Asks: 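Quick one: the structure is below, questions incoming.
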Amino acid sequence: MSCQHETPLQTGLPVNQPLLESLAWLQEELNDIKSDNLFRPVRVRSGRQAGTITLNGLSLMNFGANDYLGYAGDPRLVKASAKGACAEGAGAGASPLVSGHSNLHDTLGKNLSSLLCTEDSLIFPSGYAANTATISCLAGPGDLIVSDAHNHASIIDGCRLSRADVRIYPHRNITAAAELLQTIPARRRLIVTDSLFSMDGTIAPLTGLAQLAHDTQSMLLVDEAHATGLFGTHGSGLIEAAGIASSVAVRIGTLSKALGSAGGFVSGHHTLIEFLRHRARSWMFSTAHPPASAAVAIESMKLISEEPFRRQRLAENACRFRQKLSDHEINIGDAEAHIVPVFLETPQKAVEIAASLTRDGFFVPAIRPPSVPRDSSLLRISLSYIHTQDTINSLSDSIINYVGT
Ligand SMILES: Cc1ncc(COP(=O)(O)O)c(C=O)c1O
């Protein structure tokens, strides 16, 4: 589409040379990104998320979405979205504190608190916004944040925004985390971790971290973005599965992955949530999450309680898939769930193998820095309830063919 403001007069404008020169450094940076094999083109998807998707016009078996339960394109949720928009509008129209907080947001908050067994919850426009606002509210100068080395970018950015003393402990190493908490003086202490790590598919040592938080009088913040809807008897996440709900001060999650919607949330004691309502900048100063997305999340939480067979089948499929790759000595690290990485030596290798898999009809993204630490690259396989056993088998055969020894 050409610029709609373009008129014969404007096309004759002289080239603004100083402006172009001021931007030249951007092209140099982009050239470096390309030569390091880190360039990431945006693919255009046609149609809904599903087992097979069309990307840039190419139909591929989809192993590159976080739609773990297959709800993102589910007609029941599409209908809930339309109904929500009809009832409360296409947009929220204002920040939650002004007039953007609708009945649907209120119901969603209450339903989340009931699922998570917490007192209160706050809905954010995204999980990213939930993390950055919450972490930067709970710690500041003079405080200590102890954060896992593989935490998600939104946690890292929340830590940076806080201006607290941020110390990183090696991935899942409780001894190192304990040493930091016991030796560094601070006014207040906050431990932050993903529950299921988004790139490694590993699970945080939640019981040990809860004990550590208790022993060191620290607040524990757990981000369940990739676990909400998938673990525990009621499907609330890994905190429920570990039986440590009463020890986690701050529970964060997203509505955008297994729940098939959009938005993020923070849940916990009433005092925590009331404090965040007065301090969390991305909640106070951003237009509320769209009501239709709240309607979708309400409906998918209902489906999650009615359809536990989805998470059970996903867990079984994931277990078989990991086992098969491990049996063929494919390096999947310590993956324990439905996110399965295949670790590769270089970004170039990751890009090449992802391209070979595309030729075989699979969409598997090549993950490179800055999504993962500088020295690592991987293929990230996201399994979903909607994959058939045959599809998963053919993907593992192709991976073994390209990566196996
Ligand atoms: C661990 C973790 N937290 C937070 C987020 C951000 O969630 P959202 O996509 O809802 O912004 C992600 C996104 O991938 C994530 O992996």
Side-chain angles (χ1 to χ4, degrees), residues 40 45 49 63-69 71-72 105 108 112 116 121-136 138 145 147-161 168 171-172 191-204 206 209 220-231 236-239 248 250-267 280-283 286-290 292-294 296-297 300-301 335-341 365 367-373 378 380-384:
R40 307 204 244 184
R45 193 189 77 236
Q49 288 287 2
F63 287 92
N66 299 317
D67 180 26
Y68 303 124
L69 294 175
Y71 284 138
H105 294 115
L108 174 60
L112 278 167
L116 273 61
S121 301
L122 205 57
I123 315 296
F124 285 75
S126 69
Y128 184 95
N131 268 329
T132 50
T134 305
I135 297 170
S136 59
L138 293 179
I145 303 182
S147 172
D148 188 288
H150 290 198
N151 276 341
H152 186 255
S154 53
I155 292 184
I156 297 172
D157 293 355
C159 292
R160 287 177 182 160
L161 273 174
I168 311 298
H171 185 42
R172 300 194 296 163
I191 307 171
V192 289
T193 186
D194 286 13
S195 65
L196 175 61
F197 287 86
S198 57
M199 295 297 148
D200 310 76
T202 45
I203 293 177
L206 291 177
L209 288 172
L220 174 60
L221 178 153
V222 179
D223 176 358
E224 294 249 62
H226 296 272
T228 306
L230 297 163
F231 298 92
S236 78
L238 284 161
I239 292 173
V248 182
V250 191
R251 297 175 66 172
I252 295 208
T254 72
L255 309 169
S256 60
K257 304 191 195 302
L259 272 64
S261 182
F265 63 86
V266 182
S267 203
R281 294 173 70 81
S282 65
W283 188 80
S286 189
T287 297
H289 169 250
S293 300
V296 172
S300 60
M301 282 167 63
E336 291 176 76
H338 48 274
I339 298 170
V340 184
I367 307 290
R368 294 152 284 158
S371 302
V372 283
L378 53 100
R380 179 183 186 269
I381 296 125
S382 273
L383 295 169
S384 168

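These numbers come from a predicted model, not from an experiment. Remember, it's 1-based here, ligands and their atoms both numbered in the order they're listed. Note that the numbering runs from 1 along the sequence shown for the chain.
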Asks: Measure from atom 3 (N) of ligand 1 to every heavy atom in Asn66, Asp223, Leu259 and give the option owning the shortest one.
Replies: Asp223
Asks: Test your reading of the structure: does Ala225 have an N or O sitting under 3.5 Å from an N or O of ligand 1?
Replies: no
Asks: Please list, in number order, the atoms of ligand 1 under 4.0 Å from a heavy atom of Ser256.
Replies: 8 (P), 9 (O), 10 (O)
Asks: More than 12 heavy atoms of other residues, nucleotides or ligands under 6.0 Å from CZ of Arg281: yes or no?
Replies: no
Asks: Within a distance under 4.0 Å of any heavy atom of Thr254, pick out the atoms of ligand 1 and give their elements.
Replies: 7 (O), 8 (P), 10 (O)
Asks: Can you sort out which atoms of ligand 1 are near Ser154, meaning under 4.0 Å from one of its heavy atoms?
Replies: 3 (N), 4 (C)
Asks: Taking only heavy atoms of Asp194 into account, list the atoms of ligand 1 that are under 4.0 Å away from them.
Replies: 1 (C)
Asks: Looking only at atom types and distance, does a side-chain atom of Thr132 sit under 3.5 Å from a main-chain N or O of Asp157, one as donor and one as acceptor?
Replies: no
Asks: To which protein heavy atom is atom 8 (P) of ligand 1 closest, and what is the distance rounded to 0.1 Å?
Replies: Gly127 N, 3.4 Å
Asks: Using a strict 4.0 Å cut-off to heavy atoms of Ser198, name the atoms of ligand 1 that fall inside it.
Replies: 16 (O)
Asks: Going by the atom numbers of ligand 1, which of them fall below 4.0 Å from some non-hydrogen atom of Lys257?
Replies: 9 (O), 12 (C), 13 (C), 14 (O)
Asks: Should the proximity of Asn131 to ligand 1, defined as any heavy atom under 4.0 Å, be assigned to the side chain, the backbone, both, or neither?
Replies: side chain
Asks: Just need the protein heavy atom nearest to atom 11 (O) of ligand 1, so name the residue and atom and give the distance.
Replies: Tyr128 N, 2.9 Å
Asks: Measure the shortest side-chain to side-chain distance between Asp194 and Asp148 over non-hydrogen atoms and say whether it is less than 4.5 angstrom.
Replies: no
Asks: Would you call Tyr71 and Leu259 a side-chain contact if the rule is heavy atoms closer than 4.5 Å?
Replies: no
Asks: If I take atom NE2 from residue His289 and atom CD1 from residue Ile123, how far apart are they, to the nearest 0.5 angstrom?
Replies: 7.0 Å
Asks: Could you tell me the residue and atom name of the protein heavy atom closest to atom 16 (O) of ligand 1, and the distance to it rounded to 0.1 Å?
Replies: His226 NE2, 2.5 Å
Asks: Between His150 and His171, how do the two ring planes meet: parallel, tilted or perpendicular, split at 30° and 60°?
Replies: parallel
Asks: Could you find the nearest protein heavy atom to atom 5 (C) of ligand 1 and give me its residue, atom name and distance?
Replies: His152 CE1, 3.5 Å
Asks: Please confirm whether Gly264 comes under 4.0 Å of ligand 1, counting heavy atoms of the residue only.
Replies: no
